[in-house]
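Both ligands and their constituent atoms are indexed starting at 1 by order of listing. Along the sequence shown, the residues carry numbers beginning at 1.
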Amino acid sequence: MSFPLYAPAEEHDMLREAVRALADEKIAPRAAEIDETGEFSWDVYKALVASDLHAVHVPEQYGGAGADALATVIVIEEVARACASSSLIPAVNKLGTVPLLLSASQDLKMRYLRPVARGDAMFSYALSEPEAGSDAAAMKTRAVADGDVYVLNGTKMWITNAGVSEYYTVMAVTDPSAGARGISAFVVEKSDEGVSFGPKERKLGIKGSPTRQVIFDNVRIPADRMIGEPGTGFKTALATLDHTRITIAAQALGIAQGALDYAIGYVKERRQFGRPVADFQGVQFMIADMGMKLEAARQLTYHAAAKSERAMNGEPQPDLTYLSSAAKCAASDAAMEITTDAVQLLGGYGYTSDFPVERMMRDAKITQIYEGTNQIQRMVMARQLLK
Ligand code: CAA
């Protein structure tokens with residue numbers, strides 16, 4: 001086990017204040033409508049781009065803001081506090097591009113990170129398939145070499161921001177005899193001939209972020225769009241998740257904070273039996289537990305973020321895999337409990353869409369599922385502890 005590593009700097013506090021102000025003004029007022037219509041919020045995207053908050057993690061050498069992993073967590077957390085769907089803009093931009101940051105040639109990084117940093121393109125990550133979810137290495141999508149191109153065929157599923165993203169990191173089998181070591185990663189563009197998208201999934205939450213299949217029908221990709229060496233794609237995919245499960249934890253923290261803040265305001269106003277319901281010890285204990293679970297998950301997430309930052313800067317962190325799974329699992333389980341309790345504290349009102357907490361409860365659920373179910377996280381943690 002390791003001692004806490006991070007010490008938020010004054011810049012982190014200032015960043016949080018700035019993002020919260022933007023989120024309160026431009027994102028929170030749109031959240032219910034985004035959920036209701038299920039449309040991608042281009043206005044929120046533009047507002048994030050205008051403040052350089054849409055892909056904060058991209059290093060300065062590629063034209064990005066160069067935010068460290070903790071700053072990126074804070075941005076995602078504060079956007080998610082207002083609107084979970086919108087928080088997937090900075091989170092998925094990170095997920096799509098970390099494979100490049102970890103493994104791509106300098107040329108590929110220059111070509112694809114700069115448009116993301118400018119806000120001209122978003123970047124999604126395509127690992128899962130209809131028959132390869134938790135067992136990601138069982139993927140069937142094929143990439144067959146043909147001279148200096150690879151020809152891609154197959155279907156990716158559950159791809160967040162599919163259709164609105166211009167670029168995709170796609171994992172595909174280049175050597176079917178080699179198992180996980182026969183998988184390679186590629187950059188695919190939305191405009192590549194033969195790329196198409198399935199209908200939008202009809203989901204419980206994060207409705208303002210499109211989730212669709214990405215279908216490849218004889219898509220010809222120049223060989224120089226391979227990320228890293230042939231056969232390293234699965235490792236790159238899992239190494240990416242070591243960094244980005246922390247951003248899902250951040251999203252969960254933000255959703256939970258939004259629900260807790262709303263519930264605290266409500267119980268102080270709502271009067272029953274002649275006094276605010278906040279006066280009742282049963283309510284106070286619920287609020288105390290919610291705050292406690294949230295803060296515990298936050299400290300774990302920030303600690304994991306500090307590890308991620310060190311690893312990104314070339315200092316190997318043997319416990320990063322464990323800590324990123326632990327942070328994602330703890331924060332998402334906490335978010336589910338906290339948002340469910342927030343609905344409970346609002347009683348019948350909490351169960352209606354006139355109040356935001358039922359949306360937060362629905363949005364929280366996905367954080368226990370994507371970037372690896374919490375059962376997979378527990379498996380990853382146990383493997384690390386027992387190895
Ligand atoms: N970093 C780098 N390499 C790693 C690694 C890590 N964290 N973990 C494992 N590897 C390597 C292993 O060393 C091994 O390589 P070698 O054979 O060369 O040693 C290779 O990867 C395969 O490892 P395993 O045998 O452990 O792999 P496995 O098939 O048992 O699967 C798993 C491991 C943990 C179950 C993995 O499949 C997994 O995480 N599954 C969940 C999938 C997932 O998270 N999907 C999320 C989709 S993205 C998403 O949801 C995003 C979104 O929409 C927002």
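- Listed by number with element, the atoms of ligand 1 under 4.0 angstrom from any heavy atom of Ser128 are 47 (C).
- On a distance-only criterion, Asp242 and ligand 1 share at least one N/O pair closer than 3.5 Å.
- Atom 32 (C) of ligand 1 is never approached by the protein to below 4.0 angstrom, counting heavy atoms only.
- Side chains of Arg225 and Tyr150 form no contact here, defined as non-hydrogen atoms less than 4.5 Å apart.
- What sits closest to atom 52 (C) of ligand 1 on the protein, heavy atoms only, is Thr160 OG1, 3.3 Å.
- Residue Ile159 does not touch ligand 1, judged by heavy-atom distances below 4.0 Å.
- The residue from Gln377, Glu371, Arg181 that puts a heavy atom closest to atom 17 (O) of ligand 1 is Arg181.
- Using a 4.5 Å heavy-atom threshold, the side chains of Phe40 and Ser209 count as separate.
- Between Lys293 and Asp333 no salt bridge is recorded (no basic side-chain N to carboxylate O distance below 4.0 Å).
- Proximity of Trp158 to ligand 1, defined as any heavy-atom pair under 4.0 Å, is confined to the backbone N, CA, C and O atoms.
- Near Leu95, the atoms of ligand 1 lying under 4.0 angstrom from a non-hydrogen atom of the residue are 51 (C), 52 (C), 54 (C).
- The residues Asp224 and Arg111 are annotated as salt-bridged, a charged nitrogen and a carboxylate oxygen being separated by less than 4.0 angstrom.
- Looking at Glu131 and Met157, their side chains never come closer than 4.5 Å, going by heavy atoms from C-beta outward.
- At the shortest separation from atom 20 (C) of ligand 1 among protein heavy atoms lies Phe234 CD2, 4.1 Å.
- Between Tyr370 and ligand 1, a contact under 3.5 Å exists for no N or O pair.
- Side-chain N/O atoms of Thr211 and Lys203 include a donor and acceptor closer than 3.5 Å.
- Under a cut-off of 6.0 angstrom, the local environment of CD in Gln344 is sparse, with at most 12 non-hydrogen atoms contributed by other residues, nucleotides or ligands.
- Those atoms of ligand 1 that come under 4.0 Å of a heavy atom in Ile376, given as number and element, are 39 (O), 40 (N), 41 (C).
- Within the 4.0 Å heavy-atom criterion, the part of Val380 lying near ligand 1 is the side chain and not the backbone.
- An N or O contact shorter than 3.5 Å links Arg383 to ligand 1 by distance.
- With hydrogens left out, the protein atom closest to atom 8 (N) of ligand 1 is Leu238 CD1, 3.4 Å, a heavy atom.
- Residues Thr321 and Asp242 bring a donor and an acceptor atom of their side chains to less than 3.5 Å of each other.
- Closest to atom 29 (O) of ligand 1 among all protein heavy atoms lies Ala137 CB, 4.0 Å.
- Between the side chains of Glu129 and Thr155, no donor-acceptor pair of N or O atoms lies under 3.5 Å.
- In this model, a donor atom of one side chain and an acceptor atom of the other lie less than 3.5 Å apart for Gln251 and Tyr370.
- Of the options Gln375, Lys235, Gln251, the smallest heavy-atom separation from atom 3 (N) of ligand 1 is shown by Lys235.
- Gly133 counts as a contact of ligand 1, since one of its heavy atoms falls under 4.0 Å from the ligand.
- Two residues are said to be in side-chain contact when any heavy atoms from C-beta on lie closer than 4.5 Å; Leu294 and Leu253 meet this criterion.
- Side-chain contact between Lys268 and Pro276 is absent, with no heavy atoms from C-beta onward closer than 4.5 Å.
- Remark: atom 1 (N) of ligand 1 lies closer than 4.0 Å to at least one protein heavy atom.
- Within ligand 1, counting atoms from 1 as listed, the ones closer than 4.0 Å to a heavy atom of Met379 are 35 (C).
- Those atoms of ligand 1 with a heavy atom of Gly372 less than 4.0 angstrom away are 43 (C), 44 (O), 45 (N), 46 (C).
- Atoms of ligand 1 found under 4.0 Å from any heavy atom of Tyr125, numbered from 1 in the order shown, are 48 (S).
- Salt-bridge formation is detected for the pair Glu77/Arg16: a Lys NZ or Arg NE/NH1/NH2 atom is positioned less than 4.0 Å from an Asp or Glu carboxylate oxygen.
- Neither the backbone nor the side chain of Lys328 comes within 4.0 Å of ligand 1, counting heavy atoms alone.
- Within the listing of ligand 1, atoms 35 (C), 37 (O), 38 (C), 40 (N), 41 (C), 42 (C) sit less than 4.0 angstrom from a heavy atom of Ser134.
- Side chains of Thr72 and His57: no donor on one and acceptor on the other come within 3.5 Å.
- For atom 12 (C) of ligand 1, the nearest protein heavy atom lies 4.0 Å or farther away.
- Side-chain polar atoms of Tyr262 and Gln257 form no donor-acceptor pair below 3.5 angstrom.
- The nearest protein atom to atom 39 (O) of ligand 1, hydrogens excluded, is given as Arg245 NH2, 3.1 Å; this is a heavy-atom distance.
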